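This report refers to the structure that appears directly beneath it.
In this text the structure is predicted, and so the values were computed from the model without any measurement.
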Amino acid sequence: VVDLSDASKLNAQADIKIKAAADATTTATKYKDAVLAASANLATEDKAKLEFLAAAAISGETVKKVVVTISADTEADACTTSFTKMGLTSDDGACTATAARRRNLLAASYSTTVLLNPAKVDTAAATEAIAKIKADSTVTGVTATDASPMTEIEAIPNIDASPVATFKASPNPPASA
């Protein structure tokens, strides 16, 4: 028990906690770098997604996950349109689109999953972006949830599971994020 009336003891206790947090962050960052190195065959988009998801995990943040169904000609167009309808750009997160169904010979319906990078889109901006896409009558099935960065990392195709498990077990928030 720290004597709360002794400022020097309080300062020393705070310094110990700050050093422990810095050490844990350094360790988690080392494990994140190992995940990146072991996952050399990831697509460029998946590497970028891994970077911001790992950073969110290290800082103990969740990521906003927005799922929508949208009409588009291609998967890339579906992702671009999803970001545009939220008032964001593709630099603000990561998007995956999968064909939901064909409407006609020219247009398709895609289910897009957008993960917003919390370092670029704060809570207020995310809330505003979600409200914008929900208000768009051309978009259906909008759901928004807080997602665990570790769960999303584990779902990246071709990710090397062994260093991910080590990263998840590192002494920083990733295991509980």
message: Suppose the criterion is salt bridge (Lys or Arg N to Asp or Glu O under 4.0 Å): which pairs have a residue in residues 154-164, not counting sequence neighbours?
response: Glu154-Lys168

message: Once side chain to side chain donor-acceptor pair (under 3.5 Å) is applied, what residue pairs with a partner in residues 114-127 remain, sequence neighbours excluded?
response: none

Taking only residues two or more places apart in sequence, or in another chain, which ones meet [X] in a side-chain contact (heavy atoms from CB on, under 4.5 Å)?
X      : result
Ala94  : Lys49, Phe52
Glu128 : Lys132
Glu45  : Ala43
Ser82  : Val68, Ile70, Thr112, Val114

- request: May I have all residue pairs that pass disulfide (SG to SG under 2.5 Å) and include part of residues 61-92, sequence neighbours excluded?
  value: Cys79-Cys95

task: Could I get the full list of side-chain hydrogen bond (donor to acceptor under 3.5 Å, both in side chains) partners for Lys85, not counting sequence neighbours?
output: Asp136, Thr138

task: For Asn41, check side-chain hydrogen bond (donor to acceptor under 3.5 Å, both in side chains) against everything at least two apart and list the hits.
output: none

- request: Mind checking salt bridge (charged side-chain N to carboxylate O under 4.0 Å, His left out) for Glu51 and listing every partner two or more places apart, or none if nothing turns up?
  value: Lys32

message: List the residues meeting salt bridge (charged side-chain N to carboxylate O under 4.0 Å, His left out) with Asp146, not counting sequence neighbours, and say none if there are none.
response: Lys64

message: Before you tell me yes or no, could you show the steps for Asp46 and Asn158 under side chain to side chain contact (heavy atoms under 4.5 Å, CB included), namely the whole-Å CA-CA distance, both residues' side-chain angles and the distance that decides it to 0.1 Å?
response: CA-CA 9 Å; Asp46 288 336; Asn158 301 317; over 6 Å; no

